[in-house]
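See below for the structure under consideration.
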Number of protein chains: 2
Amino acid sequence: MATIAVENYLKHVLLLSEGADDLVPMGELAAALDVVPGTATTMVKALAAEGLVSHRPRYGVRLTAEGRRVALGVLRRHRLIETFLVEVLKMDWTEVHAEAELLEHAISDAVLDRLDALLGHPATDPHGDPIPTRQGKLDSQVYATLATCVLAKPLRIVRITEQSGEFLQFAEERGLRPGASVRVADRNLAAGLLTLKMSGARTVAVSLAAAGSILVAPAD
Amino acid sequence: MATIAVENYLKHVLLLSEGADDLVPMGELAAALDVVPGTATTMVKALAAEGLVSHRPRYGVRLTAEGRRVALGVLRRHRLIETFLVEVLKMDWTEVHAEAELLEHAISDAVLDRLDALLGHPATDPHGDPIPTRQGKLDSQVYATLATCVLAKPLRIVRITEQSGEFLQFAEERGLRPGASVRVADRNLAAGLLTLKMSGARTVAVSLAAAGSILVAPAD
DNA sequence: GGATTTATTTTGACTAATCAAAATAGCGCC
DNA sequence: GGCGCTATTTTGATTAGTCAAAATAAATCC
């Protein structure tokens, strides 16, 4: 059985290799897990010996098929738990990430299946992150971000990729939540600042960095 | 913060000291935790150094006020989770114990409070075990068991104290669940066998050992 | 293209929790 | 009141995961 530490390493390798299908550098992995780099090296070598990752010394790490299977399981548990906390327990979507982080290592398949059924087999969690299926399929649709999308066109927020509670509360306070309608009125790359128009003519200013973690689709 | 192992030691000291308010022998504790006796000794000495238990070498261990507070917290989480699994997720009451064993160490107070409210602040779990309050009060009402109660009188099962799935399935198959009506038709101590009359004139045979873990009250 | 900066790995040490097996202390028993 | 049984404690070792700090390799920069 995978320990909690092993599950966390695999989950973060998966998350950090999203999009960039390349090797995940050890430094990034160590930072994500909040351990010193040497610890990550030691652990990754052990995971490689177990066949869960492949390690290119000095360059980085990537999941094997088996490691990816395990990581997708953890991610599925995490996102279903987040959905449950919001939909059933009526918790705030800006604070459920940390809770799910704990529970994801303790919930059994039997309980998870019940939860999934109770929630109606949701496709995304409250942040818009796709939930891997039980068979290990992860929707990898690519969206534009508020930092890269066209100007002026009406858009819908589909996903917020950034887990910190402070960031999410900042977003929530400005109406920047999945499902919300938004238009980019102005984007000043030099100043790193965007002006957004929300529904009801509300105007909101966000940094370029923040805009990059808000994914959007045409309002169709 | 208490680790999972620490929480389990404290929880089991609490459970084993129920009724017998005496010292819990190390052997019993080790058996309950499924560790060798030497391990229990080592750990108990560490817990004593932390002020969570008091250890009388060669005689046994008991909780301090602080240790009891922690243990009651774990027990509250365990029993509320069991109740949730049965009431909300519709799982079988005979199989939720093992699930709760895992989740009890991972659930936060914030989530637990929501769960408690959703369930309507239940007083007992699906086995009839009392749920400690948030303030750390544990109902310690003493009941008769089927092994000790009066014969022939109509009774109501209030609690099953025995956690193993096999035992509980045995009980469930015979209608021996909390709330059920029962009467002890015959009790043969020499043979260690009881004959019970359930509602609908159903006759059930149980061992004296099994009867001892089924608590009853007058059918009022 | 050698010197410097930066990321990564190595080394040595530590903590929590465990086991196996030897040592010891109560306890009951004639 | 010593003998032996049984529970408990000690001792020595192991595993998983971690850190601090030294060593090393890759990349960058005149």
Side-chain angles (χ1 to χ4, degrees), chain A residues 1-17 20 22-63 66-67 70-71 74 101-102 104-106, chain B residues 1-17 20 22-63 66-67 70-71 74 101-102 104-106:
Chain A
M1 249 319 263
T3 63
I4 292 176
V6 166
E7 289 193 342
N8 277 330
Y9 275 83
L10 296 176
K11 180 183 70 172
H12 278 107
V13 174
L14 177 64
L15 290 173
L16 292 171
S17 62
D22 224 353
L23 289 171
V24 174
M26 298 309 260
E28 271 184 43
L29 181 59
L33 287 159
D34 198 26
V35 295
V36 300
T39 300
T41 298
T42 306
M43 191 64 170
V44 161
K45 285 206 297 183
L47 295 177
E50 301 249 322
L52 293 167
V53 302
S54 78
H55 181 207
R56 251 201 86 206
R58 240 102 219 177
Y59 288 90
V61 62
R62 101 178 63 215
L63 295 174
E66 173 63 5
V70 175
V74 181
E101 204 91 86
L102 296 173
E104 69 190 6
H105 307 294
Chain B
M1 249 315 264
T3 63
I4 292 176
V6 167
E7 289 193 342
N8 277 330
Y9 275 84
L10 296 176
K11 180 183 70 172
H12 279 107
V13 174
L14 176 63
L15 291 174
L16 292 172
S17 61
D22 223 354
L23 290 170
V24 174
M26 298 308 261
E28 270 183 44
L29 181 60
L33 288 158
D34 198 26
V35 296
V36 300
T39 300
T41 298
T42 307
M43 190 67 170
V44 161
K45 285 207 298 184
L47 294 177
E50 302 248 321
L52 294 166
V53 302
S54 79
H55 181 206
R56 255 204 80 206
R58 241 107 216 172
Y59 289 89
V61 63
R62 99 177 66 216
L63 294 174
E66 173 63 5
V70 175
V74 180
E101 204 90 87
L102 296 174
E104 68 190 7
H105 308 294

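Residue numbering restarts at 1 for every chain, and letters A, B, ... go by the order of the sequence lines. Note that these values count all heavy atoms, side chains included, but never hydrogens, waters or copies made by symmetry.
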What is the 5' to 3' range of DNA chain D, first to last nucleotide, that sits under 4.0 Å from any heavy atom of chain B? D:dA7 to D:dT10
Taking protein heavy atoms under 4.0 Å as touching, what does nucleotides 23-29 of chain C look like 5' to 3' if B marks base contact, S marks sugar-phosphate-only contact and - marks none? -BSSS--
Check each residue of residues 32-47 of chain B for a non-hydrogen atom within less than 4.0 Å of any atom in DNA chain D, then write out the ones that pass by number, or none. B:Pro37, B:Gly38, B:Thr41, B:Lys45
Within a strict 4.5 Å, meaning less than it, do heavy atoms of the [X] and [Y] side chains meet?
| X | Y | result |
| --- | --- | --- |
| B:Arg62 | B:Ser54 | yes |
| A:Val61 | A:Leu29 | yes |
| A:Leu14 | A:Tyr9 | no |
| A:His12 | A:Glu28 | no |
| A:Leu63 | A:Leu52 | no |
| B:Val44 | B:Val53 | yes |

Could you tell me which residues satisfy salt bridge (charged side-chain N to carboxylate O under 4.0 Å, His left out) with B:Glu101, sequence neighbours excluded, listed by chain and number? B:Lys11
Kindly write out the residues that satisfy salt bridge (charged side-chain N to carboxylate O under 4.0 Å, His left out) with A:Glu50, not counting sequence neighbours, or none if the list is empty. none
With sequence neighbours excluded, what pairs up with A:His105 under the side chain to side chain donor-acceptor pair (under 3.5 Å) test? A:Glu7, A:Asn8
Heavy-atom pair with the smallest gap, counting every atom of A:Ala40 and A:Val35: N-CG2, 4.2 Å
Rounded to whole angstrom units, what separation is found between the OH atom of B:Tyr9 and the C1' atom of C:dA16? 11 Å
